[in-house]
Structures are given as C-alpha cells and as structure tokens.
Amino acid sequence: MKKTVLIGALTAGGLAAGMASAASLSDVQSRGTLNCGVSTGLVGFSAPDANGNWQGFDVALCRAVAAAVLGDPNAVEFVPTTGKTRFTSLASGEIDLLARNTTWTFSRDTDLGFEFTGINYYDGQGFMVPTNLGVTSALDLDGATVCVQTGTTTELNLADFFRANNISYEPVPVETNAEGQQQYLAGACDAYTTDASGLAATRAAFENPGDHVILPEIISKEPLGPLVTEGDSDASQWGDIVRWTLNALIAAEELGINSTNVADMASSAGDNPEVNRLLGTEGNLGEMIGLSNDWAVQAISAGGNYGELFERNIGENTPIGLARGLNALWTDGGLLYTPPFR
C-alpha cells in the first residue's frame, strides 16, 4: 500500500529554551491584561468566531485566570502560536500562559525551563481517514507516505507506532495544521493523525463530516495542560495561580458550584467547609497566592465550572461531540481529581 498520512501539529515541538523570561502576578496586574498563548485555530478548543472573538475550551481557561487575577474575564490578549512557536513565545515572555493543547512530557517539564500547572484534558493520538478509503485500522497504513508537522510529539509517536508494529512509512513535512487540513481535503494526504480531540474538532469543521472516520487505535498518552515559565519566587507564585485556578474549576463541579449558583453560595458561609474556603467565605486562600478572597468566585463566574466549560465547547451536544470519558470527575469513573482546598 502506498498511501499518504497527514499528521497534525497539536502537541509539538523542540526548543532550545535558553534563559526564559518568567511571568509574574505583578507583571499581569500592572499591564492590566493577560497575554495567553493559544492555537492558530482549533474549533472547540481555541478559535476566533465570525466576529473575531476567541472561543473554546482552552480559551475559557485563559478567561478564568484573567477573572481570578484581574476581575475581568475579557482582559485577555490572545496570541496564536504554532507547534514551533509556542515554546519560544512562552520563553521570551511574549505570553504569560500557554493554554494550547500541549502534551506534558518528561523533557518539556525538566529540560525546557517550563512548569506544567495541571492537566485540563486527557487525550491520546489517533488517525482519521476518508470513509471511502476503506481503511479500518491504523495497521492498514503499512507503506504510507506521511505528511507531518515537524517538531511535534505527534511525529515522534508515529515513528514509535510504525517501528513497534514493524511497518514502514515515508515522512512528508508540513508547516501548520491548517496546511495539513487543506492537503488532506485536497486528497494530497489519505489520512490524518493527531490528538483524538483534535481529530474530532477537525472533522466537525469539514463540510461533510460523515465522509471521514476516526480509526479505533489510540497510539499514545497525551495529557494536555497549561504551562508557564519557571523562575524565581514571583514566577512560582504565578504558576500556583494558574494551577489552582484550574483546580478551582474542577473542584467546583465536584462540589456542585456552577455559574448559576456561585454568586448566591458566595454571599454567605454554608455548611460545607471546603466550599466556604474555595469561595472565600472562610479562611485566607486568596491571600496565600496574592489574590483577593473571591478569586475562585471570579474564575467560576467567568464561564462556569469544568463540566460546564466541557459541555459548552466540546461536549456530546456540540459539533465536536466528545464524551467525558477519562475527563470525567473521579467520582464518575474519570481521572479528574484535585488536591484539597485547605
């Protein structure tokens, strides 16, 4: 078989990090805006709408952080980044936070001078092909030529998969995810591989989504999450703010706090001590990270708890159509679990 496979670039990239420029809370507050790195456009996760307003699951995290820090979910400057430019943008200080479906790996965590602040989506790499190709398994792609966005974990995972299964391929490099999609739809590539969530988002944007099928194999673990730059104590505080904002959104769902009831629940202390601490009616958790005690109230009010953000942007009732799966709360059989707020 001499087929062509297309690889997306949604988890990517090598970087010689060098000396990073770490963000701090004071930087963001004095500027009055959060500079948040996102993708160049992935429907459901981060993409501008018809009016140029950024929307999506990753965008919602940026807005929650801005609300917690600045009291305004709209005080965000969104900076589109590619698989190759995202780490440079973070290291240079162009962005304060990267919220762009980026895989947490050993080398990125230890060698590049970055700090992952949690996992907001548990994913894995898959393959998509046109239905009329008649391919039912990634193992049928032996001998394929492979369009790949270079410098990505997707590229490395594909090489591992073909090697482990003793099948061959020939790489064909592409520069951007948009270029890859165009080549795929034009027939220059017969299959597309990237994170399964990215495949679902890509297929949903096609004119005829039913003409394409996502193959059953998941060939990697892709824990996706936001990251910041490591640095001194100020940078450490900034990392804590991003980490605990994400945790607050997850904990809010578990504790029954949502965008509809958060204001009422925060108006006075209730019977649940952890709810009270999270919402700032007891204790001083906000003070510990340099924020007001209603920081979590602001973050949750920006768009809702984790479950609300998931269902609104990428859930089963959206064109993306993703089930919660591993991204369900631990109480529902998923992997989402936060440390205690105390």
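Distance alone, capped at 3.5 Å, is enough to place a donor-acceptor pair between the Thr193 side chain and the Gly126 backbone. With Asn305 contributing its side chain and Gly307 its backbone, the two residues share a donor-acceptor pair below 3.5 Å. A donor-acceptor pair under 3.5 Å is absent between the side-chain atoms of Asp294 and the main chain of Val297, judged by distance alone. In this structure, Thr103 contributes its side chain and Pro223 its backbone to no donor-acceptor pair below 3.5 Å. In this structure, Ser267 contributes its side chain and Asp264 its backbone to a donor-acceptor pair below 3.5 Å. Not a single donor-acceptor pair under 3.5 Å links the side chain of Asp111 to the backbone N or O of Arg108. Not a single donor-acceptor pair under 3.5 Å links the side chain of Trp295 to the backbone N or O of Thr245. Between the Asp140 side chain and the Val135 main chain, no donor and acceptor come within less than 3.5 Å of each other.
Interatomic distance, Thr194 OG1 to Glu155 CD, rounded to the nearest 0.5 Å: 12.5 Å. Separating the CG atom in Asn258 from the CG atom in Asn261 is a distance of 4.0 Å, to the nearest 0.5 Å.
Between Arg324 and Glu253, at least one side-chain N (NZ, or NE/NH1/NH2) sits under 4.0 Å from a carboxylate O, which counts as a salt bridge. The pair Arg243-Glu115 meets the salt-bridge criterion, with a side-chain N (NZ, NE, NH1 or NH2) lying under 4.0 Å from an Asp/Glu carboxylate O.
Hydrophobic clustering of Ile, Leu, Val, Met, Phe, Trp and Tyr side chains at less than 4.5 Å, counting indirect connections, keeps Leu246 apart from Trp330. Note on Ile289: it clusters hydrophobically with Leu227, by side-chain heavy-atom contacts below 4.5 Å among ILVMFWY residues. By the criterion of side-chain heavy atoms lying less than 4.5 angstrom apart, applied directly or through intervening Ile, Leu, Val, Met, Phe, Trp or Tyr residues, Leu156 is not grouped with Phe114; the two fall into different hydrophobic clusters. If you chain together hydrophobic residues whose side chains sit under 4.5 Å apart, Ile218 and Tyr121 never meet in one group.
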Under the salt bridge (Lys or Arg N to Asp or Glu O under 4.0 Å) rule, what do Lys221 and Asp123 come out as? Steps first, then yes or no, please. CA-CA 6 Å; Lys221 293 185 293 184; Asp123 211 341; over 6 Å; no

Take Leu139 and Asn165 through the side-chain contact (heavy atoms from CB on, under 4.5 Å) test and state the conclusion after the steps. CA-CA 8 Å; Leu139 296 174; Asn165 288 284; 3.5 Å; yes

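In the model, Asn120 has a side-chain atom that pairs as donor or acceptor with a side-chain atom of Asp58 under 3.5 Å. In this model, a donor atom of one side chain and an acceptor atom of the other lie less than 3.5 Å apart for Ser39 and Ser46. Using modelled atom types, one finds no donor on one side chain facing an acceptor on the other under 3.5 Å when comparing Ser197 with Asp195. Of the N and O atoms on the side chains of Thr82 and Thr85, at least one donor lies less than 3.5 Å from an acceptor on the other residue. Using modelled atom types, one finds no donor on one side chain facing an acceptor on the other under 3.5 Å when comparing Thr33 with Glu77. Between the side chains of Ser24 and Asp27, a donor-acceptor pair is found at a separation under 3.5 Å. Between the side chains of Ser220 and Glu222, at least one donor N or O sits under 3.5 Å from an acceptor N or O.
Between Leu25 and Asp234, every side-chain heavy-atom pair lies at or beyond the 4.5 Å cut-off.
For Tyr337, the OH atom counts as loosely surrounded, since its 6.0 Å shell holds 12 or fewer non-hydrogen atoms of other residues, nucleotides or ligands. The local environment of CG in Asn284 is crowded, with over 12 non-hydrogen atoms from other residues, nucleotides or ligands closer than 6.0 Å.
Relative orientation of the Tyr184 and His212 rings is tilted, given thresholds of 30° and 60° on the angle between their planes.
Residues Leu70 and Gln29 approach most closely at CD2-CA, 3.8 Å, considering heavy atoms.
When Phe162, Tyr169, Tyr192, Phe161 are each tested for a ring pair (Phe, Tyr, Trp, His ring centres under 6.0 Å) with Phe127, only one passes: Phe161.
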